[in-house]
There are 2 protein chains.
Amino acid sequence: MKITRAAEYAIRCMVYLVRKGKGTLVSRREIAHQAEIPAQFLAKIAQELARAGFIEIRQGAKGGFVLINEPKEMNLLEIVETIIGEISLNESSALLDFCSDPNQCPVHSVWTDATSQLRDTLQGVTFDKISKKGSCISIEKPKSDK
Amino acid sequence: MKITRAAEYAIRCMVYLVRKGKGTLVSRREIAHQAEIPAQFLAKIAQELARAGFIEIRQGAKGGFVLINEPKEMNLLEIVETIIGEISLNESSALLDFCSDPNQCPVHSVWTDATSQLRDTLQGVTFDKISKKGSCISIEKPKSDK
DNA sequence: TAAATTTAGGACCTTAAATATCTTGTATGC
DNA sequence: GCATACAAGATATTTAAGGTCCTAAATTTA
Ligand code: SF4
Ligand code: SF4
């Protein structure tokens, strides 16, 4: 399963919320506009993030999204896999029945190892680390909201 | 770009040829049957492998594929990228214009780093290492060819 | 409490890519 | 010359991504 654009959008959304601060309500419109995400598509993505417990969604006028967790308690892997499911590089590393006897195959372990390596790398990137540096996603100034 | 089934087939094909030995002619039919690859699809894949200089294709009666290089001079990355193009985990690590200023974004480097890590891992797996171990792809016995 | 705002959730659409298969042509060996 | 085996381009088929539309529901505010 490949890392989709939806996963990328989810990360952008979380980065934006993290930089606004835990507990701060931000409208979907603002996030969509600032992080350059199609608004309706963001709705879908946010629903999954909410179901997974990363954000809270408030409906109605003055609604929007709120970050629930501490940035240091969230990592890229969690967010990505919330959207696209468990990462696997190919069918060999995912489907047990793609081949007759994967246990005997030297290539198979390469895929499973590489997949683990990738997952570990992403797991090591927490959102507090991310937010300490600069970002190409600009944060809209308070009071200048439209 | 994700690692496709076609790439997996290409690897299976190369593993089969490596185990038969450099310079040994093997019919497409045999490879397709033993490595469980659709014969016509294998033809397409083999053409790309041939164009990239990994195998030679012999036409006509008693035609087939022949491994050109030493197994230790070939690695998984080469084969995979011959089929699917340069590996990149997502659009962030591939498209320069997906975001306004990638240089400023802390997440962007995660993707490029993770992509490099993956490519390095695959590059380190040469076919001589692979063929030293067992494989789920069984090799058809000489004389018992059908 | 009616109206305005904002998201929810499901249905639907569009495009692109993977995964082949078909058909016709060409090279080779006997 | 004829059977065999691959070449190469055209043509499905299937799957998924990426996104839009529409009606309902929740919340605020006048
Ligand atoms: S990696 Fe090996 S076991 Fe896995 S599908 Fe490929 S050939 Fe089969
Ligand atoms: S990783 Fe950063 S620079 Fe790259 S596309 Fe995502 S937000 Fe933009």
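Proteins come first, then strands; the chains are lettered A, B, ... in the order of their sequence lines, and each starts at number 1. Just so it is clear, the structure is predicted and the values come from calculations on it, not from any experiment.
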Side-chain N,O ([X]) to OP1/OP2 ([N]) below 4.0 Å:
{"X": "A:Arg5", "N": "D:dG19", "result": "yes"}
{"X": "A:Arg28", "N": "C:dT7", "result": "yes"}
{"X": "A:Tyr9", "N": "D:dG18", "result": "no"}

Separation of B:Leu77 CG from B:Glu86 CD (nearest 0.5 Å): 8.5 Å
Measure the distance from [atom1] on [X] to [atom2] on [N] and round it to the nearest whole Å.
{"X": "B:Arg58", "N": "D:dA7", "atom1": "CZ", "atom2": "C1'", "answer": "16 Å"}
{"X": "B:Ile31", "N": "D:dC6", "atom1": "CD1", "atom2": "P", "answer": "9 Å"}
{"X": "B:Phe65", "N": "C:dT28", "atom1": "CZ", "atom2": "C1'", "answer": "15 Å"}
{"X": "B:Arg29", "N": "D:dT4", "atom1": "CZ", "atom2": "C1'", "answer": "9 Å"}
{"X": "A:Ile37", "N": "D:dT20", "atom1": "CD1", "atom2": "P", "answer": "13 Å"}
{"X": "B:Glu56", "N": "C:dA27", "atom1": "CD", "atom2": "P", "answer": "15 Å"}
{"X": "B:Leu25", "N": "C:dG29", "atom1": "CG", "atom2": "P", "answer": "10 Å"}
{"X": "B:Asn90", "N": "D:dA16", "atom1": "CG", "atom2": "P", "answer": "20 Å"}

Nucleic acid contacts - residues 39-49 of chain B versus DNA chain C, non-hydrogen atoms under 4.0 Å: B:Gln40, B:Phe41, B:Lys44
Does the [X] side chain pair with the main chain of [Y], one donor and one acceptor, at a distance under 3.5 Å?
{"X": "B:Gln34", "Y": "B:Ile31", "answer": "no"}
{"X": "B:Arg12", "Y": "B:Ala35", "answer": "yes"}
{"X": "B:Lys129", "Y": "B:Gly124", "answer": "yes"}
{"X": "A:Glu81", "Y": "A:Ile87", "answer": "yes"}
{"X": "A:Glu56", "Y": "A:Ile68", "answer": "no"}

Pair B:Arg28 + B:Glu30, salt bridge at N-O below 4.0 Å: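 No.
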Salt-bridge criterion met for A:Glu48 and A:Lys44 (N-O under 4.0 Å):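 A salt bridge is absent here (no side-chain N lies under 4.0 Å from a carboxylate O).
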Proximal nucleotide (of D:dT20, D:dA25, C:dA20) relative to the A:Gln59 side chain: D:dA25
Closest nucleotide among C:dT21, D:dA17, C:dA18 to the B:Pro38 side chain: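 The nucleotide sitting nearest to the side chain is C:dT21.
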Show the distances under 3.5 angstrom between N or O atoms of the protein and N or O atoms of nucleotides 3-5 of chain C.
unit_1 : atom_1 : unit_2  : atom_2 : d
C:dT5  : O2     : A:Ala61 : N      : 3.0

Please list, for nucleotides 12-16 of chain C, all pairs of protein and nucleotide N/O atoms separated by less than 3.5 Å.
none

Residue pair B:Ala52 / B:Thr82: nearest heavy atoms and the distance that separates them: CB-CG2, 3.6 Å
Short side-chain donor-acceptor distance under 3.5 Å, B:Gln117 and A:Thr121: yes
Exercise: do A:Tyr9 and A:Glu36 side chains pair donor with acceptor under 3.5 Å: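 Judged by distance alone, the side chains do not pair up.
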Any side-chain heavy-atom pair of A:Phe54 and A:Met74 under 4.5 Å: yes
Residue closer to the 5' end of DNA chain D, B:Ser27 versus A:Ala7 (nearest nucleotide): B:Ser27
